[in-house]
Amino acid sequence: MDAHDAVTSRRAVRGFTDQPVPRETLDRVLSAGAWAWSGTNVQPWHAYKLNGAPLSELRKRAGAATA
């Protein structure tokens, strides 16, 4: 698959479930994301993986902020 095919065949799926994502999957996705380009490479980013109580707290705060 070339870059054009990858970009044009992309889709967003928002059918979230409560099933946990395996740590290996998260590690692989974040590792691949480190190679993603940004405009002139001036957009640093930080990723955090949460589960359990910290994730529940983040969900609660995000819900309250958007209500």
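Start at 1 with the first residue, then count along the sequence. Everything quoted here is computed from the prediction, not taken from an experiment. FYI, side chains are in, hydrogens and waters are out, and symmetry mates aren't considered; it's all heavy atoms of this structure.
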Engineer: More than 12 foreign heavy atoms under 6.0 Å from CG of D2: is that the case here?
Structural biologist: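 Enclosed: over 12 neighbouring heavy atoms sit under 6.0 Å from CG of D2.
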Engineer: Pair up each side-chain donor or acceptor in residues 57-67 with any protein partner under 3.5 Å, not counting sequence neighbours, and list the distances.
Structural biologist:
from, atom 1, to, atom 2, distance (Å)
E57, OE2, R61, NE, 2.8
T66, OG1, A62, O, 3.2
T66, OG1, G63, O, 3.2

Engineer: Set out, in order, the CA-CA distance, both residues' side-chain angles and the distance that settles side-chain contact (heavy atoms from CB on, under 4.5 Å) for N51 and R23, then state yes or no.
Structural biologist: CA-CA 10 Å; N51 61 15; R23 182 180 179 119; over 6 Å; no
Engineer: Running the 4.5 Å side-chain criterion over Ile, Leu, Val, Met, Phe, Trp and Tyr, what cluster does V29 land in, apart from itself?
Structural biologist: none
Engineer: Side chains of residues 3-11: which donor-acceptor partners sit under 3.5 Å, not counting sequence neighbours?
Structural biologist:
from, atom 1, to, atom 2, distance (Å)
T8, OG1, H4, O, 2.8
S9, OG, D5, O, 2.6

